[in-house]
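Accompanying notes for the structure given below.
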Amino acid sequence: MAGSAKAAIQRPRGTQDVLPGAVYVWEYVENAIREVCRRYHYLEVRTPIFEHTELFERTTGETTDIVEKQMYTFRDRGGRSLTLRPEGTAPVVRAYLEVPERPLLPWKVFYLGPMFRHERPQAGRFRQFVQFGVEAIGADDPALDGEVIALADDLFARLGLEGLSVHLNSIGCPRCRPSYREALLSYFRGREGLCADCRRRLEVNPLRVLDCKEASCRALAEEAPRPTDFLCPECREHFDGVQAFLRHTGIPFVLAPTLVRGLDYYTRTVFEIMHGALGAQNTVCAGGRYDGLVEQLGGDPTPGVGFAAGLERLITTLELEGRLPPPPTEVQVMVAYAGNAARPVALDILYRLRRSGWQADIDYLGRSLRAQMKQASRLGAPLVAMVGEDEVASGEVTVRDMRTGEQVRVPLEELEVTLRRIAPTT
RNA sequence: GUGAAUGUAGCUCAGCUGGUUAGAGCGCCAGACUGUGGAUCUGGAGGCCGGGGGUUCGAGUCCCCUCAUUCACCCCA
């Protein structure tokens, strides 16, 4: 690829470099996330990048692809099996159980950081990707389900996104799900037309047959029994409560009777926030309730609800909707000089500006003044401070406004006032 | 893990049925303007045509393998 004799080392498959010119977009999104979370009283938690493998095996679901074949698992020198975290909820719950003092409930936290799954990359899917997620542990109030959905909705609105829609469903609890499962099995077993994948799904995880993309399966799924028809009275009431909250709060949503989630720990509420124009991986945010998870990890029975959002997909959505913020100014003042005699003076000016807070830079490639101007222009620097032999002799500096082309020559002491006057806001 | 498409200058791409010095646009550097950007013109640098093997007198063009990228499936943010 590269012209060198040795083969160039490329980044590992499914990873990305966020280059300097793009980092501001990430900062923009991260800032929006932190601000919204603060308003909803969710505090940040930072858990390790790797965990004991068992944590994910026990929670995510032993039959899910994530655990079966997508984990980056390795042994450390002590022989322990560790895994780069493939998702954020299990680690957060584990951390909750390790909080030294009993936390005030609900424990409302958010996380923001890289996750790892060994999958084939495609549009909107990477092996290392960044997830933002919130978890509220310790209350089963439907208004809390509503709160995490509201938080996500608020965030997306704040980012200016419009093409997203909330899809909502309830998959019941360990008490009502078995009867639904049976109904589903007998429905599909009595019918022809399922694809090969779905015949396998039917045995492994029957609920997943519902969201198959195959046309024939979808047709069958349309008529299939729905989880919401089998909810026990408590789950029914809870689900009604979530919907009532959303209507009351004015958050639009659509009921999605065939929506199920992949991870084993979900109960009751499940939801996804999707975008119509994203390609095959169109879910930007997904979550739900996990009332059995804390107990499963050795804690007292404690309900919980949360979601995870993929930042790469979110940023793609921003691009798609033309909602990327303009890039920030890299350099406010470019210091240019003509002739080697002026260089020490130019460096003095450069450091004087930097020390008083200006974003300032200078040419290091010995370019002609003309080329220095061109650089300044390309960098989008609004101001150039120029010195040549004349200025050195008279103790002055020439300030050029790159937007208008106007320039003035002022005594060195007046440089900063002049800069501020010409470009007060930069 | 499965399938398909694509890999030619820094970037985006040409290169007809294999034919000898591999091109364009943009970008970059320099000059026209011996101290001044965004316009124009001129010149220049920069490619073992992803890598390996094969067919052929001859391969960027054909065949095989391999690596990478992209999209889709599986699954999922």
Side-chain angles (χ1 to χ4, degrees), chain A residues 1-14 16 60-61 63-70 86-89 112-133 152 195-198 200-201 204-205 208 211-214 260-263 272-275 278-287 307-317 334 336-339 341-342 365-392 398-407 409:
Chain A
M1 265 217 195
S4 75
K6 290 175 186 164
I9 297 176
Q10 297 174 281
R11 61 178 178 269
R13 163 175 280 174
Q16 289 189 304
T60 309
T63 60
T64 60
D65 274 18
I66 291 181
V67 170
E68 276 187 340
K69 49 197 183 194
Q70 296 180 353
E87 61 107 15
T89 300
L112 175 57
M115 305 292 164
F116 306 84
R117 289 179 202 168
H118 191 113
E119 302 179 89
R120 271 290 261 274
Q122 70 182 75
R125 179 194 298 163
F126 308 92
R127 290 185 172 181
Q128 175 176 333
F129 56 102
V130 176
Q131 272 190 348
F132 149 63
C195 69
D197 278 328
C198 279
R200 178 179 58 79
R201 285 189 188 105
V204 180
N205 191 346
R208 297 217 63 90
D211 62 357
C212 181
K213 290 171 186 169
E214 203 71 41
V260 296
R261 308 259 39 250
L263 279 37
E272 291 194 13
I273 302 180
M274 303 191 258
H275 195 278
L278 267 188
Q281 313 302 323
N282 61 357
T283 298
V284 172
C285 173
F307 70 73
L311 284 243
E312 289 83 359
R313 290 183 190 177
L314 189 51
I315 286 171
T316 304
T317 308
M334 199 66 191
Y337 62 97
L365 292 179
R367 282 190 260 250
S368 65
L369 181 63
R370 175 190 176 73
Q372 292 176 53
M373 298 303 292
K374 194 170 180 177
Q375 279 292 310
S377 180
R378 286 206 62 230
L379 285 171
L383 297 164
V384 172
M386 260 182 289
V387 282
E389 285 175 26
D390 293 358
E391 286 89 344
V392 171
T398 297
V399 176
R400 183 179 179 86
D401 183 335
M402 295 298 279
R403 292 160 300 192
T404 63
E406 290 168 25
Q407 59 186 52
R409 200 156 136 175

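Below, chains carry the letters A, B, ... as their sequence lines are ordered, and counting in each starts from 1.
One can place CD of Gln16(A) at 18 Å from P of rA77(B), the figure rounded to the nearest angstrom. Protein atom CZ of Arg11(A) is 9 Å distant from nucleotide atom C1' of rU69(B), rounded to whole Å. Computed from coordinates, the Gln10(A) CD to rU66(B) P distance equals 18 Å when rounded to whole Å. Rounding to whole angstrom units, CZ of residue Phe126(A) and C1' of rC75(B) are separated by 16 Å. Following rounding to the nearest Å, Leu278(A) (CG) and rC71(B) (C1') show an atom-to-atom distance of 14 Å. When rounded to the nearest whole Å, the span between CZ of Phe129(A) and P of rA77(B) equals 8 Å. Following rounding to the nearest Å, His118(A) (NE2) and rG1(B) (P) show an atom-to-atom distance of 6 Å. Rounded to a whole Å, the CD atom of Glu272(A) is 10 Å from the P atom of rC76(B).
With a 4.5 Å cut-off on side-chain heavy atoms, Arg201(A) and Cys212(A) count as touching. A 4.5 Å side-chain heavy-atom check between Met386(A) and Leu369(A) finds at least one atom pair inside the cut-off. Side-chain contact check for Arg313(A) versus Phe129(A): every heavy-atom pair is 4.5 Å or farther apart. For the pair Arg409(A)/Asp390(A), a side-chain contact is recorded, criterion being any heavy-atom separation below 4.5 Å from C-beta on. Side-chain contact between Met373(A) and Arg400(A): present, with at least one pair of heavy atoms (C-beta onward) separated by less than 4.5 Å.
Shown here, rG43(B) forms a base pair with rC29(B); the pair counts as Watson-Crick or G-U wobble because both key distances fall under 3.5 Å. Pair assignment for rG1(B) gives rC73(B), based on Watson-Crick or G-U wobble hydrogen-bonding distances that are each under 3.5 Å. Pair assignment for rU56(B): none, as no Watson-Crick or G-U wobble contacts are both less than 3.5 Å. With a 3.5 Å ceiling on both atom-pair distances, rC48(B) lacks any Watson-Crick or G-U wobble partner. In a base pair of the Watson-Crick type (N1 to N3 plus N6-O4 or O6-N4) or a G-U wobble (N1-O2 and O6-N3), with each distance short of 3.5 Å, rC13(B) is matched with rG23(B). Pairing for rU6(B) is with rA68(B), a Watson-Crick or G-U wobble pair whose two hydrogen-bonding atom distances lie under 3.5 Å.
Only one option out of Gln372(A), Glu389(A), Glu391(A) pairs with Tyr337(A) in a side-chain contact (heavy atoms from CB on, under 4.5 Å); it is Gln372(A).
The shortest distance between the side-chain N/O atoms of Arg117(A) and the OP1/OP2 oxygens of rC76(B) is not below 4.0 Å. Residue Gln122(A) has a polar side-chain atom (N or O) positioned under 4.0 Å from OP1 or OP2 of rA72(B). Applying the 4.0 Å criterion to OP1 and OP2 of rC75(B), one finds that Arg200(A) has a side-chain N or O inside that range. When the side-chain nitrogen and oxygen atoms of Arg125(A) are compared with OP1 and OP2 of rC71(B), none of them lie within a distance under 4.0 Å.
Applying the salt bridge (Lys or Arg N to Asp or Glu O under 4.0 Å) criterion to Glu272(A), with sequence neighbours excluded, gives Arg261(A). Residues meeting the side-chain contact (heavy atoms from CB on, under 4.5 Å) test with Ala123(A), sequence neighbours left out: none.
rU70(B) and rC33(B): their P atoms are spaced 48 Å apart (whole Å). Distance noted for atom C1' between rC28(B) and rA45(B): 9 Å (whole Å). The separation of rU66(B) from rC26(B), taken at their P atoms, amounts to 41 Å, rounded to a whole angstrom. Comparing the same atom, P, in rA32(B) and in rC71(B) gives a spacing of 47 Å after rounding to whole Å. As rounded to the nearest Å, rG52(B) and rC16(B) have C1' atoms that lie 28 Å from one another. With P as the reference atom, rC73(B) and rG54(B) are 40 Å apart, rounded to whole Å. rU61(B) and rG37(B) have their P atoms separated by 46 Å, with the value rounded to a whole Å. Nucleotides rA9(B) and rC29(B), compared at atom C1', are 15 Å apart to the nearest Å.
Heavy atoms of Gly339(A) sit nowhere under 4.0 angstrom from any nucleic acid atom. Looking at heavy-atom distances under 4.0 Å, Ala376(A) makes no contact with the nucleic acid at all. Phe307(A) comes within 4.0 angstrom of nothing in the nucleic acid, heavy atoms only. Residue Gly124(A) is in base contact, counting any heavy-atom pair closer than 4.0 Å across all strands shown.
Distance alone, capped at 3.5 Å, places no donor-acceptor pair between the Glu312(A) side chain and the Arg125(A) backbone.
Along RNA chain B, the nucleotide nearest Val130(A) and the nucleotide nearest Glu406(A) are compared for position; the residue whose nucleotide lies closer to the 5' end is Glu406(A). Both Gly279(A) and Gly14(A) sit near RNA chain B, but only Gly14(A) has its closest nucleotide nearer the 5' end.
Separation of atoms CG (Leu311(A)) and CD (Gln131(A)) is listed at 8.5 Å; rounding is to 0.5 Å.
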Output one letter per nucleotide in nucleotides 26-36 of chain B: B when a protein non-hydrogen atom lies under 4.0 Å from the base, S when only the sugar-phosphate is that close, - when neither is. --SSS-BB-BB
